[in-house]
Number of protein chains: 2
Amino acid sequence: MNDAPWMHGLHADTGYLLYRLGQRSGSAFNAALEQHGLRLRHHAILRYLATVDGARQRELADRLGYDPSAIVSLLDDLQQLGLAERRPDPADRRSRLVVLTPAGHDLLHTADHDSRRVTEDLLAPLSPTERATLNDLLQRISTL
Amino acid sequence: MNDAPWMHGLHADTGYLLYRLGQRSGSAFNAALEQHGLRLRHHAILRYLATVDGARQRELADRLGYDPSAIVSLLDDLQQLGLAERRPDPADRRSRLVVLTPAGHDLLHTADHDSRRVTEDLLAPLSPTERATLNDLLQRISTL
DNA sequence: GAACAATCATTGACAAGAACAATGATTGTT
DNA sequence: AACAATCATTGTTCTTGTCAATGATTGTTC
């Protein structure tokens, strides 16, 4: 999705700005991840798996806000790329524990780097102090 | 404060926050506009038409960043709701001038009001000063 | 001015994704 | 033991965006 030059002048509503910038941010991330055969949702899963190793798919769906069926196909992709594995859950035979492979860790590292560069570009017009302020404000309204 | 480990790293990345908040913001707007039978894109068109009366569809597509074919169906909706009209362009018989009807102006006003309420909810955790700061920062990175 | 390319709105086809219900296997509960 | 609930998965439907093709008109070039 391309960016629109209408933002000058009257359309100053913050919510709308957020929406529009979110679009731009998302497509920029997707473009950056494309070279690895991933999209934003894959990356979100990788990132989550990197923090808690061994997550059930239901947990992924809940925490990331995706439909369980979406998790399935995303994991299929990650597994085919050798970035994640589904292991049997010793505690519950109907669920599976998803873990990152070493390759998954590696890719996550480089993908994180790429993502940070995307953010750099996005925030280019802002000074370091302003970036910190923006990050703080956004985090406050993100209500996790 | 002992955050969860996944709060650090990319979850705190500003670009990613923008993306997530954009998602939330967009769906909130769509929910608010649903009662009028509109979505965000319709609203964007109405808003643009309110500033320049008499816009060719191609102009809409370019300025808003939508595909021309998308404009067609969006305008069909607006026209069926009696909010906009397609008039012949005296200067070019293959293009059409799209204008807002009085009903379109009215609905835009109330829809704007609803949108502002959505934004209020979104920015609830912030003080008025902080909201102004956020709006300023967002606007700075939205103007390319 | 005639021939050709370009532009406008529109339509139709198409793939991609999200949302939702249904299923088989397993576990929890009464 | 019987029944409900949960997990991953599949399948289906519906929406969306994207793209190519079309008819009408305009611009351009020789």
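Below, chains carry the letters A, B, ... as their sequence lines are ordered, and counting in each starts from 1. Bear in mind that the values here come from a model prediction, so they are computed numbers and not experimental data.
With a 6.0 Å cutoff to the six-membered ring centre and a 45° limit on the axis angle, A:Arg63 does not count as a cation-pi contact of A:Tyr48.
Between B:Arg39 and D:dT16 there is a side-chain polar atom (N or O) within less than 4.0 angstrom of OP1 or OP2. Distances shown here put every side-chain N or O of B:Arg93 at or beyond 4.0 Å from the OP1 or OP2 atom of C:dA9. Taking only side-chain nitrogens and oxygens, A:Arg86 comes nearer than 4.0 Å to OP1 or OP2 of D:dT9. Residue B:Arg96 has a polar side-chain atom (N or O) positioned under 4.0 Å from OP1 or OP2 of C:dT10.
Computed from coordinates, the A:Glu59 CD to D:dC7 C1' distance equals 13 Å when rounded to whole Å. In this entry the distance linking CD of B:Gln57 with P of D:dA24 reads 17 Å, nearest Å. Computed from coordinates, the A:Glu85 CD to D:dA8 P distance equals 17 Å when rounded to whole Å. Look at CG on A:Asp89: it is 12 Å from C1' on C:dT26, rounded to the nearest Å. C:dT27 atom P lies 18 Å from atom CZ of A:Arg58, rounded to whole Å. Atom C1' of nucleotide D:dA8 and atom CZ of A:Arg87 are separated by 18 Å, given to the nearest angstrom. Spacing between atom CG of B:Leu60 and atom P of C:dA9 amounts to 8 Å, rounded to whole angstrom units. In this structure, B:Tyr66 atom OH and C:dA9 atom P are separated by 17 Å, rounded to whole Å.
Looking at the side chain of A:Ser69, the nearest of the listed nucleotides D:dT25, D:dG11, D:dT18 is D:dG11. Checking D:dT26, D:dT10, C:dA9 against the side-chain heavy atoms of A:Val72 singles out D:dT10 as nearest. Looking at the side chain of B:Asp67, the nearest of the listed nucleotides D:dT18, C:dA9, C:dT27 is D:dT18. Checked against C:dT10, D:dG17, D:dA8, the side chain of B:Arg41 finds its nearest nucleotide in D:dG17. In the set C:dC8, D:dT9, C:dT11, C:dT11 carries the atom at the smallest distance from any side-chain atom of B:Asp76.
A donor-acceptor contact under 3.5 Å links the side chain of B:Arg94 to the base of C:dT7.
Between B:Ala44 and A:Tyr16, the shortest heavy-atom distance links the atoms CB-OH, 3.1 Å.
Atom CZ of A:Arg140 has more than 12 heavy atoms from other residues, nucleotides or ligands within 6.0 Å. A 6.0 Å sphere centred on CD of A:Gln80 holds no more than 12 heavy atoms belonging to other residues, nucleotides or ligands.
Within the shown strands, D:dA1 is the pairing partner of C:dT30 under the Watson-Crick or G-U definition, both distances less than 3.5 Å. Across all strands shown, D:dC30 forms a Watson-Crick or G-U wobble pair, both distances under 3.5 Å, with C:dG1. Under the Watson-Crick or G-U wobble criterion, with both distances below 3.5 Å, C:dA19 is paired with D:dT12.
In terms of hydrophobic clustering, with Ile, Leu, Val, Met, Phe, Trp and Tyr side chains grouped at heavy-atom distances under 4.5 Å, A:Leu122 and A:Leu126 are assigned to a common cluster. Under a hydrophobic clustering in which Ile, Leu, Val, Met, Phe, Trp and Tyr are joined whenever their side-chain heavy atoms come within less than 4.5 Å, directly or via other members, A:Leu83 and A:Val72 fall into different clusters.
Mapped onto DNA chain C by nearest heavy atom, B:Ile71 and A:Asp92 fall at different nucleotides, with B:Ile71 at the one closer to the 5' end.
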